[in-house]
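Position 1 is the first residue of the sequence, and the numbers go up from there. Only this structure's heavy atoms are used, side chains among them; waters, hydrogens and symmetry mates stay out. Quick caveat, the model's predicted, so the values are computed rather than measured. Indexing begins at 1, ligand by ligand and atom by atom, following the structure's order.
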Amino acid sequence: MKVAKFGGSSVADAGQFKKVKQIVESDAKRQIIVVSAAGKSVAEPIKVTDMLLDLEQKLVADEDPEPIFQAISSRIIGIRDDLNLNVNIEADLDIIADNLVNCSHDYLISRGEYLTAKLMAAYLGYYFVDAKDILAFANDGIDYVQSQQRLLKVLSKHSQLVIPGFYGANVDGSVHLMPRGGSDISGSILANLVDAELYENWTDVSGILMADPRIVAHSEKIDSLTYDELQELSYMGIGVFQEEAVRPVREKKIPTAVLNTNHPEAGGTMVVSADEDKNNDHIVTGIAGRKDCTVITIRKYQLNKHLEVLQNVLSVFQKFNLTISSVPSGNDGFSFLCQHGEVATHLPALIAKLKHTCGIDSVEVNQNIALVAAVSLQLSRRPAIAGKIMNYLDNSLIHVRFVFQEGSDLKIVFGVNNDDYEKTIKRIYRESMEQHLKRISA
Ligand SMILES: Nc1ncnc2c1ncn2[C@@H]1O[C@H](COP(=O)(O)OP(=O)(O)O)[C@@H](O)[C@H]1O
Ligand SMILES: N[C@@H](CC(=O)OP(=O)(O)O)C(=O)O
């Protein structure tokens, strides 16, 4: 059995639905279909999920939600009518409208997936199952045992299912929403639950590219990479596969393919375990990064002898509810990396608290920093690669503010100024491709 997840771009309109149907019907093993909410297309500049978020804003601001609700409804009804489907989707829209005022955030934002899956099930002639009746979430994440029991029960009666992505249910039965891009996670969990022979993640690019195609035009495709490499790339920000979607497939070593709904014939990227990976001749497997980081460096003379200071500092970060990664910077210092958007409003209060309650000698803040990571299994085997990349950047006059290697040595991260972000990615890409071409022609 195969689990196939189709992203928002693959279900953006009736034309995309037709492509999905062709793909699904070309392989009888594609029995579990997961869909995102209708996403962007040439004619539709906004994802339904973002329209729902706008709708929620209107409700919070006590403004009239009707125009956005109508826009969402006409998009969904438009797909239904273009496909000549006999589905009373108005009944579902009425229920959502009735619930608007009192419903939870998770319920409202998940309705794009719910409605899109209803249409897809009717179009494919598959059985619709609500994700909240399958994916059970407890406090510490997905409950695999309960979710599997529920899924197998449905599968014993219906062998072809469409399930909305992006949500499941809490213990009390209410909707549990996943992070943005979460349909990838739903598909991956479902693949785990049925021990799928393949998890297919259908999107609008022919696989995972070595670098973001919006930065490096005609970037080389990664033919295969390991779960760990994908995890690192996703963590660093490649949008094509949600970071939390790696674990469920890795746990059961389920081969995972990233494929293009618009060009199924083009092939894609295979994600496999390290012992099956064939992509050993690139010095860098992929490059990813993100802008707008804030680096907060604390210093304390002989910090290694005063670990209680670090403990105090960490508890301050915890109080402000910040997601951080931390890096030792020399004997007496420690740097904490945060996303600017998350830390900006708290910065003055955070700095004051760090200065006055933690027993540190100094605190320094650097903003507008971009992180760029080169990820490769080869980095752990050939440490000199890190030095080579540093050389390329130095030759390009890119000021590297700091470097660290982490993630079981699979990734080396360069901190550069925001303005150098694209240039850094392009430079690492160009040099690693040149090295690769030299190696294969030698
Ligand atoms: N390294 C990369 N390889 C492929 N796509 C990437 C990469 N980095 C960023 N992307 C972007 O991710 C997009 C696909 O993710 P997403 O928009 O979530 O698709 P979907 O709607 O199918 O879920 C691509 O259109 C591409 O612009
Ligand atoms: N619709 C949700 C979940 C999702 O996975 O979407 P997509 O597959 O289009 O990235 C979002 O926009 O975040």
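- Among residue pairs with one or both ends in residues 212-221, those qualifying as salt bridge (Lys or Arg N to Asp or Glu O under 4.0 Å) are D212-R214, K221-D223; sequence neighbours excluded.
- For D27, the salt bridge (Lys or Arg N to Asp or Glu O under 4.0 Å) test picks out K2, with sequence neighbours left out.
- Annotation: N86, atom CG; neighbour count of heavy atoms from other residues, nucleotides and ligands within 6.0 Å does not exceed 12.
- There is no protein heavy atom less than 4.0 angstrom from atom 17 (O) of ligand 1.
- By the 4.0 Å heavy-atom criterion, G181 is excluded from the residues contacting ligand 1.
- A cation-pi contact links R111 to Y167, judged by a cut-off of 6.0 Å to the six-membered ring centre and 45° from its axis.
- For the ligand labelled ligand 2, residue Q242 lies outside the 4.0 Å heavy-atom shell.
- Selection from I208, V240, T261 by nearest heavy atom to atom 15 (O) of ligand 1 gives V240.
- When hydrogens are left out, the protein atom nearest atom 6 (C) of ligand 1 is P213 CD, 3.6 Å; that is the closest non-hydrogen contact.
- Of the heavy atoms in M178, none comes closer than 4.0 Å to ligand 2.
- Classification of K132 and D106 as a salt-bridged pair fails, no side-chain N sitting under 4.0 Å from a carboxylate O.
- The environment of R247 atom CZ is sparse: at most 12 non-hydrogen atoms of other residues, nucleotides or ligands sit within 6.0 angstrom.
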Does the pair T226 and D228 meet the rule for a side chain to side chain donor-acceptor pair (under 3.5 Å), with working shown? CA-CA 5 Å; T226 65; D228 291 343; 5.3 Å; no
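- Annotation: the span from S159 atom OG to Y126 atom OH amounts to 8.0 Å, rounded to 0.5 Å.
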Take Q16 and S41 through the side chain to side chain donor-acceptor pair (under 3.5 Å) test and state the conclusion after the steps. CA-CA 9 Å; Q16 293 302 93; S41 70; over 6 Å; no
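- Closest to atom 1 (N) of ligand 1 among all protein heavy atoms lies L209 O, 2.9 Å.
- Among the atoms of S9, some N or O lies under 3.5 angstrom from an N or O of ligand 1.
- At least one heavy atom of K5 sits less than 4.0 Å from an atom of ligand 1.
- Nearest non-hydrogen protein atom to atom 9 (C) of ligand 1 is R214 NH2, 3.4 Å.
- For the pair K5 and E200, the salt-bridge criterion is not met [side-chain N within less than 4.0 Å of a carboxylate O].
- Using a cut-off of 4.0 Å between Lys/Arg side-chain N and Asp/Glu carboxylate O, K291 and E422 are scored as salt-bridged.
- The distance from ligand 2 to the heavy atoms of K47 drops below 4.0 Å at these ligand atoms: 9 (O), 10 (O), 12 (O).
- For ligand 1, the atoms closer than 4.0 angstrom to any heavy atom of G207 are 4 (C).
- Between G181 and ligand 2, a contact under 3.5 Å exists for at least one N or O pair.
- For S36, the closest heavy-atom approach to ligand 1 does not fall below 4.0 Å.
- Using a 4.5 Å heavy-atom threshold, the side chains of R427 and R430 count as touching.
- The single protein non-hydrogen atom nearest to atom 2 (C) of ligand 2 is E113 OE2, 3.4 Å, given as residue, atom name and distance.
- Closest to atom 7 (P) of ligand 2 among all protein heavy atoms lies S36 OG, 3.5 Å.
- Taking every heavy atom of K5 and a limit of under 4.0 angstrom, the matching atoms of ligand 2 come to 8 (O).
- In K40, neither the side chain nor the backbone holds a heavy atom less than 4.0 Å from any atom of ligand 2.
- Heavy-atom separations between G182 and ligand 2 include at least one value shorter than 4.0 Å.
- When V205, T203, D204 are checked for heavy-atom proximity to atom 25 (O) of ligand 1, D204 turns out nearest.
- Looking only at protein heavy atoms, the nearest one to atom 12 (O) of ligand 2 is R180 NH2, 2.9 Å.
- Other residues, nucleotides and ligands contribute over 12 non-hydrogen atoms within 6.0 Å of the CG atom of D195.
- Residue, atom and distance of the protein heavy atom nearest to atom 9 (O) of ligand 2 are G8 N, 3.1 Å.
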